[in-house]
Amino acid sequence: MQPDPTLFGIRGFLIDAPEFGSLRSRRDGAIIVKNGRFAEIGDYEDLRKRHRDTPVRWVDRGSALIFPGLIDCHTHLPQYSAVARGESQLLPWLREDIFPVEREFTGPRAREEAPLFFRELARNGTTTAMVYAAIYEDSCEAGFEAAERSGLRVILGKMMMDLGSYGQLQPKKILSVSLIESERLCRKWHGAAQGRIEYAFSPRFAVACSEKLMRSAAELAQRFNAYLQTHLAENREEIEKVRNLHMSALDYTDVYEKCGMLTPKTMLGHCLHLSSREIDAIAAAQANVAHCPTSNLFLASGLLKLDQLLRAGLAVGLGSDVAAGPELNMWQVMRGALDVQKARNMFEPNLPRLRPREAFHLATAGGARALGKTAAIGSLDAGKEADMIVVDLAALLPYGNQGKRIDDLTTEDILALCIYRGGPHATLETYVRGNCVYRAPEPATRV
Ligand code: GUN
Ligand code: ZN
């Protein structure tokens, strides 16, 4: 019988969190992957026996950990080279530290950096990312080409801004150029690579966009059934600016609502300083939130009232928000989410605590839900597309192989080690649709 290249089995310690608050795990488990999907999930010995007569190629990862791929719901391709820069808050930071970097992200610079960026995502165990490019068409084109080649699942869009843009065009032409280029990119890339690549219309935020731009972006997103991404209520000074620009709006959220920007395919970055009216409006529109805790701490923007958003039924994913967030590493973003809620707990002891299993849920199944992709990704369930990562626990243990044994640790202990100490040094392999898109250069030590 000819070996089927799309069929393989992988053995490891399986961990996922399909529901907020619960954790599933299987020591010495295994997954059969066929045609890019999880075909069967179970105990290694059982599956091995059951497939004795089928030509399954086995990848034995022993006691390495297998998680669903991590999902980054908000990050900026042109900003990665400027991480950890600046000591100011949002608006001066954008002006002084970010716009100069984004302005240069075109031509050879964009073409050289874009593949490195997606390589970094894969090395960090991120399998799906929702990303902003710079305002230039070629920066987005370079991003899409690199995304397609990387094998990752990527939703990307050209940054749109027509008020105080860092671009060189005359203000009256900026709007039409922004719309024409965005539409052209969407037509070319939305749904490419059998749907692995998608487009997000990307009006930056209400401070930098005219109503006409925001309304047109929302119409385009609807026309092409594409995503829409923007920033909302991240910083007090930003909110004050929006209030002054839109005196007749009820609040910041109302500005987006009036422009038709709140839809089930909308990803709203941050959402820190919202009233209950605004939270209800977002919930009613079934729009989604990208919580970016490491960014919110870096820019001292605020502490997300996560419990309020979850109670209202909002779909919340996590975002690295590089370069306001200093790392693409989603384990560190999960840690940031825990730290933010711990900081709130110091002042409000009655608030519900956020546990590692819940932060992990947000970075996997929660992100999938926020992107409307629950049927495809986010957990290790038969029928889903085979996006997963293999993590070397020994690389995270204080004394590696010489210290505590994996059998002595609970699943919650293991997950906490990943969140508090995880990163690219522990990623062994990253898979999207069953294709290995990253493999650690040297075999790391195992438990
Ligand atoms: N608000 C508008 N643009 C940006 C950006 O690039 N980063 C962050 N963190 N917030 C924004
Ligand atoms: Zn952002």
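Below, each value reflects all heavy atoms present in this structure, side chains not excepted, and no hydrogens, waters or symmetry copies. Order of appearance sets the numbers: ligands from 1, and atoms from 1 within every ligand.
Looking only at heavy atoms of the protein, atom 4 (C) of ligand 1 is closest to His231 NE2, 3.5 Å. Closest to atom 3 (N) of ligand 1, if we only count protein heavy atoms, is Arg204 NE, 2.8 Å.
To the nearest 10 degrees, the angle centred on the Zn ion (ligand 2) between NE2 in His231 and NE2 in His74 reads 90°. Put simply, the angle at the Zn ion (ligand 2) from NE2 in His76 to OD1 in Asp321 is close to 90°, to the nearest 10°.
Listed by number with element, the atoms of ligand 1 under 4.0 angstrom from any heavy atom of Leu94 are 2 (C), 3 (N), 4 (C), 5 (C), 6 (O). For ligand 1, the atoms sitting less than 4.0 Å from at least one non-hydrogen atom of Ala324 are 9 (N), numbered in the order shown with element in parentheses. For ligand 1, the atoms sitting less than 4.0 Å from at least one non-hydrogen atom of Phe205 are 1 (N), 2 (C), numbered in the order shown with element in parentheses. Ligand-side atoms of ligand 1 in range of Glu234: 1 (N), 8 (C), 9 (N), 10 (N), 11 (C), range being under 4.0 angstrom from any heavy atom. For ligand 1, the atoms closer than 4.0 angstrom to any heavy atom of His270 are 9 (N). Each of the following atoms of ligand 1 lies closer than 4.0 Å to a heavy atom of His76: 5 (C), 6 (O), 7 (N).
Salt-bridge formation is not detected for the pair Glu240/Arg236: no Lys NZ or Arg NE/NH1/NH2 atom is positioned less than 4.0 Å from an Asp or Glu carboxylate oxygen. Looking at Arg109 and Glu113, a side-chain N of the basic residue comes within less than 4.0 Å of a carboxylate O on the acidic one, giving a salt bridge. With respect to Lys373 and Glu198, a salt bridge is recorded, a charged nitrogen being found less than 4.0 Å from a carboxylate O. At a threshold of 4.0 Å, the pair Arg344-Asp307 counts as salt-bridged, since one of the basic side-chain nitrogens sits closer than that to a carboxylate oxygen. At a threshold of 4.0 Å, the pair Glu385-Arg196 does not count as salt-bridged, since none of the basic side-chain nitrogens sits closer than that to a carboxylate oxygen. Here Arg24 pairs with Asp381 in a salt bridge; the nearest charged N to carboxylate O distance falls below 4.0 Å.
When Phe360, Tyr431, Phe13 are each tested for a ring-ring contact (aromatic ring centres under 6.0 Å, His included) with Phe67, only one passes: Phe360.
Under a 4.0 Å heavy-atom criterion, Trp93 is in contact with ligand 1. In this structure, Asp321 has a heavy atom closer than 4.0 Å to ligand 1.
How far CD of Glu137 is from OG1 of Thr106: 10.5 Å, rounded to the nearest 0.5 Å.
Here's the thing with Gln79: one of its N/O atoms is less than 3.5 angstrom from an N/O atom of ligand 1.
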Q: Mind running side chain to side chain contact (heavy atoms under 4.5 Å, CB included) on Phe205 and Met214 for me, showing each step along the way?
A: CA-CA 9 Å; Phe205 62 161; Met214 294 190 283; over 6 Å; no

